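Here the structure is a predicted model, which means the values were calculated and not measured. Numbers restart at 1 for each chain; the letters A, B, ... are given by sequence-line order, proteins then strands.
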Amino acid sequence: SQQGEEDPQALSIQEGENATMNCSYKTSINNLQWYRQNSGRGLVHLILIRSNEREKHSGRLRVTLDTSKKSSSLLITASRAADTASYFCATDTGTASKLTFGTGTRLQVTL
Amino acid sequence: EADIYQTPRYLVIGTGKKITLECSQTMGHDKMYWYQQDPGMELHLIHYSYGVNSTEKGDLSSESTVSRIRTEHFPLTLESARPSHTSQYLCASSDSGRTSNQPQHFGDGTRLSIL
């Protein structure tokens with residue numbers, strides 16, 4: 001089973017609204033990373049949050065991490081049509097340089 | 001955008017052919033990775049490398065092989081392609097980092113279709 005599972009699987013909102021997606025994982029982590037993937041493209045790194053951090057901001061992105069619940073959330077504020085993409089969380093468990101990716105949330109932002 | 005390149009972007013080829021997917025990065029990263037991703041699905045790690053002459057199998061069993069003769073180059077080879085190999089293949093690289101995994105930089109992928 002997946003180390004990271006994301007919820008919801010798909011999300012459709014209007015431009016200007018906030019989008020929140022959640023990631024749950026099973027084992028202890030060193031850090032958790034969020035990536036965006038536009039259709040037909042590779043993944044782009046958005047933000048990294050370490051296990052000893054609780055919240056991190058980058059522009060319109062806010063990431064929280066709750067290690068007691070083994071969960072993280074990504075909030076995109078004031079969404080734009082250009083934010084339409086799939087968003088993946090990835091966990092670093094410190095095992096052999098590997099990241100384990102979640103199942104992804106497909107975000108659709110309409111005008 | 002990161003400087004990591006994959007060729008070809010699309011490949012449609014018949015069963016039984018030998019295929020090599022190319023991946024090159026100009027960032028001097030030690031670590032490189034190959035992932036397999038079906039449309040709209042999660043990524044599965046199939047191979048990774050710590051550096052030159054280092055290759056390891058990933059979490060998902062794959063009939064492909066890789067080599068790492070130069071830091072910047074990490075090609076993936078399928079000796080005899082089958083329809084079950086149809087998928088998108090993503091290459092990534094990352095810096096070593098002292099304590100934990102650094103962010104990975106991805107190419108745009110090769111969409112492979114075996115007839």
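- Sorted by first and then second residue, the salt bridge (charged side-chain N to carboxylate O under 4.0 Å, His left out) pairs with a member in residues 48-64 of chain B read A:Lys98-B:Asp59, B:Glu63-B:Arg82; sequence neighbours excluded.
- Atom CZ of A:Arg60 is surrounded by more than 12 heavy atoms from other residues, nucleotides or ligands within 6.0 Å.
- In this structure, chain B has a heavy atom under 4.5 Å from the side chain of A:Gln37, while its backbone stays farther away.
- Interface residue B:Gln88: only side-chain heavy atoms are found under 4.5 Å from chain A.
- Rounded to the nearest 0.5 Å, atoms CZ (B:Phe106) and OH (A:Tyr35) are 6.0 Å apart.
- The two atoms that bring B:Glu42 and A:Phe88 nearest to each other are CA-CE2, 4.1 Å, heavy atoms only.
- The distance from atom CD of B:Gln102 to atom CG of A:Asn31, rounded to the nearest 0.5 Å, is 8.0 Å.
- Here the closest non-hydrogen pair linking B:Pro103 and A:Gln33 is CA-OE1, 3.5 Å.
- B:Leu60 and B:Val66 fall within the same hydrophobic cluster, where Ile, Leu, Val, Met, Phe, Trp and Tyr residues are linked whenever their side-chain heavy atoms come under 4.5 Å apart, directly or through other members.
- The salt bridge (charged side-chain N to carboxylate O under 4.0 Å, His left out) contacts involving residues 11-21 of chain A comprise nothing, where partners must be two or more places apart or lie in separate chains.
- Rounded to the nearest 0.5 Å, atoms CG (A:Leu43) and CG (B:Asp108) are 10.5 Å apart.
- Atom OH of B:Tyr35 and atom CG of A:Leu99 lie 5.0 Å apart (nearest 0.5 Å).
- By the 6.0 Å contact criterion, CG on B:Leu115 is enclosed, its count of non-hydrogen atoms from other residues, nucleotides or ligands being greater than 12.
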